[in-house]
Amino acid sequence: MLAVLFALCVSLALAQDYIQPVPDYTPSSQNIAERNKFQNMKFGLFIHWGIYSVLGDGEWVMRVKNIPYNNYKRLADFFNPQEFDAKEWVQLAKNAGMKYITITSRHHDGFSMFNTAATSYNIVDATPYHKDPLMELALECAKEGIELHFYYSLLDWGRQDYGFGKPIVNHEPQNADWNSYIKFMKTQLTELITKYPNITGIWFDGHWERQNVNWHYDEIYSLIHKLSPKVLVGNNHHLAPFRGEDFQMFEKDLPGENTTGFSGQSKIGALPLETCETINNSWGFNINDNHYKSVKQIIHYLVNAAGRNANFLLNVGPMPNGKIQPEFTDTLGKVGEWMKKYGESIYDTRGNIIAPQPWGVVTQKMDTLYVHILNGLKEQYVFIPDVKRKILKARLFGHSSELKFKQQPEGVFVYLPNITLDNIDTIIQLQ
Ligand code: JFZ
(Lines give C-alpha, C1' and ligand atoms only; values in the text may rest on other atoms or scores of the structure.)
Protein backbone atom coordinates (compact mmCIF):
# COMPACT_ATOMS: atom_id res chain seq x y z
CA MET A 1 0.00 0.00 0.00
CA LEU A 2 2.72 2.44 1.01
CA ALA A 3 4.73 1.56 -2.09
CA VAL A 4 1.69 2.22 -4.25
CA LEU A 5 1.12 5.56 -2.57
CA PHE A 6 4.78 6.45 -2.87
CA ALA A 7 4.76 5.66 -6.59
CA LEU A 8 1.63 7.78 -6.87
CA CYS A 9 3.27 10.72 -5.16
CA VAL A 10 6.39 10.48 -7.32
CA SER A 11 4.34 10.36 -10.50
CA LEU A 12 2.35 13.26 -9.15
CA ALA A 13 5.48 15.31 -8.68
CA LEU A 14 6.78 14.52 -12.17
CA ALA A 15 3.61 14.67 -14.22
CA GLN A 16 2.77 17.75 -16.21
CA ASP A 17 -0.80 18.62 -15.57
CA TYR A 18 -3.12 18.98 -18.46
CA ILE A 19 -5.60 21.60 -17.36
CA GLN A 20 -8.21 21.88 -20.00
CA PRO A 21 -9.88 25.17 -20.69
CA VAL A 22 -13.11 25.24 -18.70
CA PRO A 23 -15.21 28.19 -19.81
CA ASP A 24 -16.15 30.94 -17.40
CA TYR A 25 -18.31 29.73 -14.58
CA THR A 26 -20.66 31.91 -12.64
CA PRO A 27 -22.27 29.92 -9.85
CA SER A 28 -26.04 30.29 -9.64
CA SER A 29 -27.63 31.92 -6.61
CA GLN A 30 -28.84 28.47 -5.48
CA ASN A 31 -25.27 27.24 -5.70
CA ILE A 32 -23.98 30.16 -3.63
CA ALA A 33 -26.71 29.55 -1.05
CA GLU A 34 -25.77 25.86 -0.92
CA ARG A 35 -22.09 26.74 -0.44
CA ASN A 36 -23.06 28.84 2.54
CA LYS A 37 -25.18 26.02 3.95
CA PHE A 38 -22.32 23.62 3.33
CA GLN A 39 -19.97 25.82 5.35
CA ASN A 40 -22.49 26.03 8.17
CA MET A 41 -22.79 22.24 8.47
CA LYS A 42 -19.14 21.78 9.48
CA PHE A 43 -19.22 18.05 10.22
CA GLY A 44 -20.03 15.14 7.90
CA LEU A 45 -19.81 11.36 7.72
CA PHE A 46 -17.71 9.83 4.96
CA ILE A 47 -18.62 6.24 4.05
CA HIS A 48 -16.44 3.88 2.01
CA TRP A 49 -18.47 0.79 1.21
CA GLY A 50 -18.25 -1.60 -1.71
CA ILE A 51 -17.70 -5.22 -2.69
CA TYR A 52 -14.11 -4.78 -1.49
CA SER A 53 -15.53 -4.65 2.06
CA VAL A 54 -16.04 -8.44 1.82
CA LEU A 55 -12.27 -9.00 1.97
CA GLY A 56 -11.80 -6.69 4.99
CA ASP A 57 -8.60 -5.28 3.56
CA GLY A 58 -9.46 -1.75 2.46
CA GLU A 59 -10.86 -0.36 -0.80
CA TRP A 60 -7.55 -0.73 -2.67
CA VAL A 61 -7.38 -4.50 -2.10
CA MET A 62 -7.74 -5.35 -5.79
CA ARG A 63 -4.61 -3.37 -6.68
CA VAL A 64 -2.64 -4.01 -3.51
CA LYS A 65 -3.16 -7.78 -3.67
CA ASN A 66 -2.92 -7.86 -7.47
CA ILE A 67 -6.29 -9.54 -7.89
CA PRO A 68 -7.17 -9.93 -11.60
CA TYR A 69 -10.29 -7.93 -12.41
CA ASN A 70 -12.29 -10.95 -13.56
CA ASN A 71 -11.54 -12.78 -10.31
CA TYR A 72 -12.29 -9.68 -8.24
CA LYS A 73 -15.70 -9.42 -9.87
CA ARG A 74 -16.74 -12.63 -8.08
CA LEU A 75 -16.90 -10.63 -4.86
CA ALA A 76 -20.23 -9.32 -6.09
CA ASP A 77 -21.65 -12.84 -5.58
CA PHE A 78 -20.85 -12.65 -1.87
CA PHE A 79 -21.96 -9.10 -1.24
CA ASN A 80 -25.27 -9.40 0.54
CA PRO A 81 -25.61 -6.73 3.25
CA GLN A 82 -28.65 -8.18 4.97
CA GLU A 83 -28.06 -6.05 8.05
CA PHE A 84 -27.93 -2.74 6.18
CA ASP A 85 -30.35 -0.26 7.68
CA ALA A 86 -30.38 3.25 6.26
CA LYS A 87 -32.15 4.50 9.39
CA GLU A 88 -29.32 3.26 11.58
CA TRP A 89 -26.66 4.97 9.50
CA VAL A 90 -28.51 8.26 9.38
CA GLN A 91 -29.17 8.16 13.12
CA LEU A 92 -25.48 7.40 13.70
CA ALA A 93 -24.53 10.51 11.74
CA LYS A 94 -27.18 12.62 13.46
CA ASN A 95 -26.19 11.50 16.94
CA ALA A 96 -22.58 12.32 16.15
CA GLY A 97 -23.65 15.88 15.37
CA MET A 98 -23.02 15.43 11.66
CA LYS A 99 -25.11 17.30 9.13
CA TYR A 100 -24.25 15.44 5.94
CA ILE A 101 -23.09 12.12 4.53
CA THR A 102 -20.71 11.54 1.62
CA ILE A 103 -20.86 7.94 0.37
CA THR A 104 -18.99 6.02 -2.33
CA SER A 105 -21.36 5.50 -5.25
CA ARG A 106 -18.56 3.95 -7.30
CA HIS A 107 -14.93 3.55 -6.26
CA HIS A 108 -11.80 2.76 -8.33
CA ASP A 109 -12.83 -0.92 -8.62
CA GLY A 110 -15.62 0.37 -10.87
CA PHE A 111 -18.43 -1.36 -9.00
CA SER A 112 -21.59 0.76 -8.85
CA MET A 113 -23.22 0.68 -5.42
CA PHE A 114 -26.46 2.00 -6.92
CA ASN A 115 -29.09 1.04 -9.45
CA THR A 116 -27.69 2.09 -12.80
CA ALA A 117 -28.67 1.36 -16.39
CA ALA A 118 -25.16 2.21 -17.60
CA THR A 119 -23.59 -1.08 -16.50
CA SER A 120 -24.76 -4.40 -15.06
CA TYR A 121 -21.73 -4.34 -12.71
CA ASN A 122 -23.87 -2.86 -9.97
CA ILE A 123 -25.37 -3.84 -6.65
CA VAL A 124 -28.89 -4.48 -7.95
CA ASP A 125 -27.95 -6.62 -10.95
CA ALA A 126 -24.75 -8.30 -9.82
CA THR A 127 -25.28 -9.16 -6.13
CA PRO A 128 -27.74 -11.43 -4.32
CA TYR A 129 -28.90 -8.34 -2.43
CA HIS A 130 -30.72 -7.00 -5.53
CA LYS A 131 -31.59 -3.73 -3.78
CA ASP A 132 -30.27 -0.18 -3.97
CA PRO A 133 -28.92 0.94 -0.58
CA LEU A 134 -28.10 4.41 -1.86
CA MET A 135 -31.74 5.03 -2.69
CA GLU A 136 -32.76 3.92 0.81
CA LEU A 137 -30.08 6.17 2.25
CA ALA A 138 -31.13 9.13 0.07
CA LEU A 139 -34.78 8.77 1.10
CA GLU A 140 -33.85 8.49 4.78
CA CYS A 141 -31.51 11.48 4.56
CA ALA A 142 -34.21 13.56 2.91
CA LYS A 143 -36.62 12.57 5.66
CA GLU A 144 -34.17 13.37 8.47
CA GLY A 145 -32.75 16.59 7.06
CA ILE A 146 -29.28 15.19 6.43
CA GLU A 147 -27.63 16.26 3.19
CA LEU A 148 -26.20 13.62 0.88
CA HIS A 149 -23.11 13.82 -1.33
CA PHE A 150 -21.86 11.10 -3.63
CA TYR A 151 -18.22 10.14 -3.93
CA TYR A 152 -17.60 9.25 -7.59
CA SER A 153 -14.36 7.79 -8.93
CA LEU A 154 -13.02 9.11 -12.22
CA LEU A 155 -10.48 6.29 -12.20
CA ASP A 156 -11.67 2.80 -13.15
CA TRP A 157 -9.37 -0.23 -12.81
CA GLY A 158 -11.47 -2.56 -14.92
CA ARG A 159 -13.45 -1.03 -17.77
CA GLN A 160 -12.11 -1.57 -21.28
CA ASP A 161 -12.97 1.93 -22.38
CA TYR A 162 -10.99 3.46 -19.49
CA GLY A 163 -7.93 1.44 -20.51
CA PHE A 164 -6.20 1.40 -17.13
CA GLY A 165 -2.42 1.31 -17.61
CA LYS A 166 -2.55 2.32 -21.29
CA PRO A 167 -0.27 5.12 -22.43
CA ILE A 168 -1.83 8.55 -22.84
CA VAL A 169 -1.42 10.14 -26.26
CA ASN A 170 -3.01 13.45 -27.18
CA HIS A 171 -4.76 13.54 -23.80
CA GLU A 172 -6.51 10.20 -24.35
CA PRO A 173 -5.64 6.60 -23.41
CA GLN A 174 -4.48 4.56 -26.41
CA ASN A 175 -6.41 1.45 -27.46
CA ALA A 176 -9.31 2.32 -25.21
CA ASP A 177 -12.48 4.26 -25.92
CA TRP A 178 -12.22 7.50 -24.01
CA ASN A 179 -15.37 9.03 -25.47
CA SER A 180 -17.35 6.00 -24.42
CA TYR A 181 -15.96 6.28 -20.87
CA ILE A 182 -16.79 9.98 -20.60
CA LYS A 183 -20.29 9.25 -21.85
CA PHE A 184 -20.63 6.44 -19.29
CA MET A 185 -19.72 8.80 -16.46
CA LYS A 186 -22.17 11.42 -17.68
CA THR A 187 -24.96 8.83 -17.79
CA GLN A 188 -24.22 7.71 -14.23
CA LEU A 189 -23.88 11.24 -12.88
CA THR A 190 -27.21 12.11 -14.49
CA GLU A 191 -28.79 9.13 -12.74
CA LEU A 192 -27.27 10.06 -9.39
CA ILE A 193 -28.41 13.66 -9.59
CA THR A 194 -31.86 13.20 -11.09
CA LYS A 195 -33.08 9.97 -9.48
CA TYR A 196 -31.91 10.42 -5.90
CA PRO A 197 -33.72 13.06 -3.86
CA ASN A 198 -31.85 16.03 -2.45
CA ILE A 199 -28.30 15.31 -3.54
CA THR A 200 -26.16 18.37 -2.85
CA GLY A 201 -22.64 17.31 -3.76
CA ILE A 202 -20.41 15.22 -6.00
CA TRP A 203 -16.96 14.30 -4.63
CA PHE A 204 -14.70 13.33 -7.51
CA ASP A 205 -11.57 11.28 -6.97
CA GLY A 206 -8.96 9.64 -9.17
CA HIS A 207 -7.89 12.61 -11.28
CA TRP A 208 -4.35 12.17 -9.95
CA GLU A 209 -4.07 8.80 -11.70
CA ARG A 210 -4.22 10.49 -15.11
CA GLN A 211 -3.15 14.07 -14.97
CA ASN A 212 -2.44 14.29 -18.64
CA VAL A 213 -5.79 13.16 -19.91
CA ASN A 214 -8.69 15.33 -21.01
CA TRP A 215 -11.32 14.60 -18.36
CA HIS A 216 -13.88 16.82 -20.14
CA TYR A 217 -14.58 18.65 -16.92
CA ASP A 218 -16.12 21.45 -18.97
CA GLU A 219 -18.93 19.13 -20.04
CA ILE A 220 -19.14 17.14 -16.81
CA TYR A 221 -19.25 20.08 -14.43
CA SER A 222 -21.70 22.06 -16.53
CA LEU A 223 -23.92 18.99 -16.90
CA ILE A 224 -24.06 18.66 -13.11
CA HIS A 225 -24.82 22.33 -12.59
CA LYS A 226 -27.45 22.25 -15.29
CA LEU A 227 -29.16 19.19 -13.82
CA SER A 228 -29.17 20.70 -10.35
CA PRO A 229 -27.66 24.09 -9.59
CA LYS A 230 -27.48 23.34 -5.89
CA VAL A 231 -25.15 20.35 -6.36
CA LEU A 232 -21.65 21.32 -5.22
CA VAL A 233 -18.78 19.97 -7.28
CA GLY A 234 -15.53 19.04 -5.54
CA ASN A 235 -12.55 17.14 -6.91
CA ASN A 236 -9.82 15.43 -4.89
CA HIS A 237 -7.16 16.35 -7.43
CA HIS A 238 -4.88 17.90 -4.82
CA LEU A 239 -4.39 21.05 -6.88
CA ALA A 240 -5.71 24.59 -6.71
CA PRO A 241 -9.44 24.50 -7.60
CA PHE A 242 -10.38 24.30 -11.28
CA ARG A 243 -13.04 26.51 -12.73
CA GLY A 244 -16.48 24.96 -12.30
CA GLU A 245 -15.75 23.59 -8.83
CA ASP A 246 -17.69 24.71 -5.78
CA PHE A 247 -15.63 23.46 -2.87
CA GLN A 248 -12.04 22.42 -2.26
CA MET A 249 -11.03 19.33 -0.33
CA PHE A 250 -7.97 18.20 1.55
CA GLU A 251 -7.21 14.61 2.30
CA LYS A 252 -5.82 13.62 5.71
CA ASP A 253 -4.50 17.15 6.19
CA LEU A 254 -5.73 20.42 7.57
CA PRO A 255 -5.78 23.18 4.95
CA GLY A 256 -2.32 24.66 4.71
CA GLU A 257 -0.62 21.57 6.13
CA ASN A 258 1.04 18.77 4.23
CA THR A 259 1.84 15.99 6.65
CA THR A 260 0.88 13.17 4.27
CA GLY A 261 2.56 14.50 1.15
CA PHE A 262 -0.80 14.46 -0.66
CA SER A 263 -1.34 18.18 -0.37
CA GLY A 264 1.98 19.48 -1.64
CA GLN A 265 0.47 21.05 -4.71
CA SER A 266 -2.74 22.21 -3.08
CA LYS A 267 -3.10 25.92 -2.84
CA ILE A 268 -5.93 27.17 -0.72
CA GLY A 269 -8.45 28.82 -2.98
CA ALA A 270 -11.41 31.03 -2.17
CA LEU A 271 -13.97 28.20 -2.15
CA PRO A 272 -15.52 26.48 0.88
CA LEU A 273 -13.08 23.95 2.30
CA GLU A 274 -13.41 20.39 3.48
CA THR A 275 -10.88 18.00 4.93
CA CYS A 276 -11.39 14.27 5.34
CA GLU A 277 -9.82 11.76 7.71
CA THR A 278 -10.21 8.16 8.82
CA ILE A 279 -11.01 6.96 12.38
CA ASN A 280 -8.45 4.15 12.14
CA ASN A 281 -5.98 4.06 9.24
CA SER A 282 -8.36 2.73 6.57
CA TRP A 283 -11.13 4.10 4.37
CA GLY A 284 -12.77 0.82 3.41
CA PHE A 285 -13.44 -1.86 6.07
CA ASN A 286 -10.14 -3.32 7.29
CA ILE A 287 -10.44 -6.24 9.67
CA ASN A 288 -6.79 -5.95 10.66
CA ASP A 289 -6.65 -2.26 11.54
CA ASN A 290 -6.83 -1.42 15.23
CA HIS A 291 -5.20 2.00 15.06
CA TYR A 292 -8.17 3.91 16.36
CA LYS A 293 -7.92 7.62 16.96
CA SER A 294 -9.14 8.78 20.34
CA VAL A 295 -12.27 10.85 20.88
CA LYS A 296 -9.97 13.72 21.82
CA GLN A 297 -7.99 13.42 18.57
CA ILE A 298 -11.20 13.45 16.53
CA ILE A 299 -12.63 16.47 18.35
CA HIS A 300 -9.31 18.28 17.96
CA TYR A 301 -9.36 17.53 14.25
CA LEU A 302 -12.88 18.94 13.96
CA VAL A 303 -12.08 22.08 15.96
CA ASN A 304 -8.80 22.62 14.13
CA ALA A 305 -10.59 22.29 10.80
CA ALA A 306 -13.31 24.77 11.86
CA GLY A 307 -10.62 27.18 13.06
CA ARG A 308 -9.12 27.01 9.57
CA ASN A 309 -12.53 27.54 8.00
CA ALA A 310 -12.93 23.94 6.81
CA ASN A 311 -15.56 21.25 7.21
CA PHE A 312 -14.50 17.92 8.65
CA LEU A 313 -15.57 14.76 6.83
CA LEU A 314 -14.90 11.79 9.10
CA ASN A 315 -14.82 8.34 7.56
CA VAL A 316 -16.21 4.94 8.49
CA GLY A 317 -15.87 1.76 6.43
CA PRO A 318 -18.96 -0.35 7.15
CA MET A 319 -18.64 -4.13 7.22
CA PRO A 320 -19.90 -6.24 4.30
CA ASN A 321 -23.07 -7.14 6.22
CA GLY A 322 -24.00 -3.45 6.41
CA LYS A 323 -23.15 -2.95 10.09
CA ILE A 324 -20.72 -0.34 11.32
CA GLN A 325 -18.23 -1.72 13.86
CA PRO A 326 -18.67 -0.71 17.53
CA GLU A 327 -15.26 1.01 17.79
CA PHE A 328 -16.53 3.55 15.23
CA THR A 329 -20.05 3.94 16.61
CA ASP A 330 -18.74 4.37 20.19
CA THR A 331 -16.34 7.12 19.14
CA LEU A 332 -18.99 8.85 17.06
CA GLY A 333 -21.42 8.73 19.98
CA LYS A 334 -18.91 10.41 22.27
CA VAL A 335 -18.04 13.07 19.72
CA GLY A 336 -21.78 13.65 19.43
CA GLU A 337 -22.09 14.24 23.17
CA TRP A 338 -19.37 16.86 22.94
CA MET A 339 -21.11 18.48 19.96
CA LYS A 340 -24.40 18.64 21.86
CA LYS A 341 -22.70 20.68 24.53
CA TYR A 342 -20.25 22.75 22.51
CA GLY A 343 -21.65 22.65 18.96
CA GLU A 344 -22.63 26.31 19.20
CA SER A 345 -18.93 27.16 18.92
CA ILE A 346 -18.60 25.08 15.73
CA TYR A 347 -21.81 25.10 13.63
CA ASP A 348 -22.46 28.18 11.49
CA THR A 349 -19.08 29.64 12.43
CA ARG A 350 -16.30 30.79 10.12
CA GLY A 351 -12.60 30.32 10.72
CA ASN A 352 -9.29 31.73 9.60
CA ILE A 353 -10.29 35.11 10.92
CA ILE A 354 -7.46 34.84 13.41
CA ALA A 355 -4.51 32.65 12.43
CA PRO A 356 -4.08 29.33 14.26
CA GLN A 357 -2.02 29.74 17.44
CA PRO A 358 0.22 27.32 19.37
CA TRP A 359 -2.55 26.98 21.96
CA GLY A 360 -5.40 26.43 19.48
CA VAL A 361 -7.79 28.18 17.11
CA VAL A 362 -10.58 30.76 16.98
CA THR A 363 -13.99 30.44 15.34
CA GLN A 364 -16.42 33.29 14.82
CA LYS A 365 -20.17 33.69 14.54
CA MET A 366 -21.58 37.20 14.22
CA ASP A 367 -20.40 39.20 17.22
CA THR A 368 -18.88 36.27 19.08
CA LEU A 369 -15.37 34.89 18.94
CA TYR A 370 -14.92 31.37 20.29
CA VAL A 371 -11.37 30.87 21.52
CA HIS A 372 -10.55 27.15 21.56
CA ILE A 373 -7.63 26.30 23.84
CA LEU A 374 -6.66 22.81 22.69
CA ASN A 375 -3.00 22.49 23.56
CA GLY A 376 -2.62 24.00 27.02
CA LEU A 377 -1.04 27.32 28.01
CA LYS A 378 2.38 28.31 29.31
CA GLU A 379 1.02 31.31 31.25
CA GLN A 380 -2.13 31.96 33.23
CA TYR A 381 -3.56 33.94 30.33
CA VAL A 382 -4.28 33.46 26.69
CA PHE A 383 -3.21 36.06 24.11
CA ILE A 384 -5.36 36.36 20.98
CA PRO A 385 -3.60 38.48 18.35
CA ASP A 386 -5.20 40.67 15.68
CA VAL A 387 -8.57 41.21 17.33
CA LYS A 388 -9.83 44.23 15.44
CA ARG A 389 -13.20 44.90 17.05
CA LYS A 390 -13.75 46.13 20.57
CA ILE A 391 -14.29 43.34 23.07
CA LEU A 392 -16.97 44.04 25.66
CA LYS A 393 -17.10 40.79 27.57
CA ALA A 394 -15.10 37.61 28.07
CA ARG A 395 -16.38 34.46 29.73
CA LEU A 396 -15.90 30.72 29.76
CA PHE A 397 -18.30 28.96 27.42
CA GLY A 398 -21.39 27.91 29.33
CA HIS A 399 -20.56 30.08 32.35
CA SER A 400 -22.05 33.45 33.18
CA SER A 401 -19.23 34.88 35.32
CA GLU A 402 -16.97 37.23 33.43
CA LEU A 403 -13.24 36.86 32.92
CA LYS A 404 -10.77 39.71 33.21
CA PHE A 405 -9.22 40.82 29.94
CA LYS A 406 -7.09 43.59 28.48
CA GLN A 407 -7.38 44.75 24.88
CA GLN A 408 -4.40 46.34 23.12
CA PRO A 409 -3.86 47.25 19.46
CA GLU A 410 -1.91 44.00 18.95
CA GLY A 411 -4.53 41.79 20.56
CA VAL A 412 -6.47 40.70 23.63
CA PHE A 413 -5.16 39.13 26.83
CA VAL A 414 -7.71 37.03 28.70
CA TYR A 415 -6.65 36.13 32.23
CA LEU A 416 -7.29 32.63 33.48
CA PRO A 417 -5.99 32.47 37.06
CA ASN A 418 -7.05 29.35 39.00
CA ILE A 419 -8.82 27.93 35.97
CA THR A 420 -8.25 24.27 35.26
CA LEU A 421 -8.16 23.77 31.54
CA ASP A 422 -10.47 21.19 30.02
CA ASN A 423 -8.60 18.11 28.84
CA ILE A 424 -10.16 18.41 25.37
CA ASP A 425 -11.02 22.04 24.67
CA THR A 426 -11.39 25.08 26.91
CA ILE A 427 -13.64 27.53 25.10
CA ILE A 428 -13.62 31.24 25.89
CA GLN A 429 -16.31 33.39 24.43
CA LEU A 430 -15.49 36.98 23.51
CA GLN A 431 -18.32 39.35 22.81
C1 JFZ B 1 -8.22 8.49 -2.58
C2 JFZ B 1 -8.64 7.07 -2.86
O3 JFZ B 1 -7.69 6.44 -3.65
C4 JFZ B 1 -8.83 6.33 -1.56
O5 JFZ B 1 -9.23 5.01 -1.80
C6 JFZ B 1 -9.88 7.03 -0.74
O7 JFZ B 1 -11.13 6.99 -1.41
C8 JFZ B 1 -9.47 8.47 -0.50
C9 JFZ B 1 -10.52 9.28 0.20
O10 JFZ B 1 -9.16 9.13 -1.75
O11 JFZ B 1 -6.93 8.45 -1.99
C12 JFZ B 1 -5.87 9.07 -2.52
C13 JFZ B 1 -5.97 10.14 -3.35
C14 JFZ B 1 -4.83 10.75 -3.84
C15 JFZ B 1 -3.60 10.27 -3.49
C16 JFZ B 1 -3.51 9.20 -2.63
C17 JFZ B 1 -4.64 8.61 -2.14
N18 JFZ B 1 -2.44 10.87 -3.97
O19 JFZ B 1 -2.51 11.88 -4.68
O20 JFZ B 1 -1.32 10.41 -3.68
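Just so you know, ligand 1 is whichever comes first in the structure, and atom 1 is the first atom listed for that ligand. Bear in mind that the values here come from a model prediction, so they are computed numbers and not experimental data.
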Closest candidate by heavy atom, reference atom 1 (C) of ligand 1, pool Thr104, Asp205, Asp109: Asp205
Polar side chain donor-acceptor pair, His216 to Glu219, under 3.5 angstrom: yes
Over-ring placement of Lys42 relative to Phe312, 6.0 Å and 45° cut-offs: no
Within-cut-off N or O pair, Trp208 and ligand 1, under 3.5 Å: no
For ligand 1, the portion of Asn315 having any non-hydrogen atom under 4.0 Å away: neither
Polar side chain donor-acceptor pair, Tyr221 to Asp246, under 3.5 angstrom: no
Residues Tyr100 and Glu274: side-chain donor-acceptor under 3.5 angstrom: yes
N or O contact, Trp283 vs ligand 1, cut-off under 3.5 Å: no
Ligand 1 N/O within reach of Glu59 N/O, cut-off under 3.5 Å: yes
Least distance between heavy atoms, Leu271 atom then Arg35 atom: CD2-NH1, 3.5 Å
Enumerated ligand 1 atoms positioned under 4.0 Å from heavy atoms of His238: 13 (C), 14 (C), 19 (O)
Close-contact set for ligand 1 against Trp60 heavy atoms, below 4.0 Å: 2 (C), 3 (O), 4 (C), 5 (O)
Close-contact set for ligand 1 against His108 heavy atoms, below 4.0 Å: 2 (C), 3 (O)
Enumerated ligand 1 atoms positioned under 4.0 Å from heavy atoms of His48: 6 (C), 7 (O), 9 (C)
Contact atoms of ligand 1, heavy-atom distance to Asn236 under 4.0 Å: 10 (O), 13 (C)
Residue Tyr151 vicinity, atoms of ligand 1 by number, heavy atom under 4.0 Å: 7 (O)
Lys296 and Asn423 side chains, donor-acceptor separation under 3.5 Å: yes
Phe111 six-ring face occupied by Arg106 cation (under 6.0 Å, within 45°): no
Distance in Å, Phe43 CZ paired with Tyr347 OH, rounded so as to fall on 0.5 Å steps: 7.5 Å
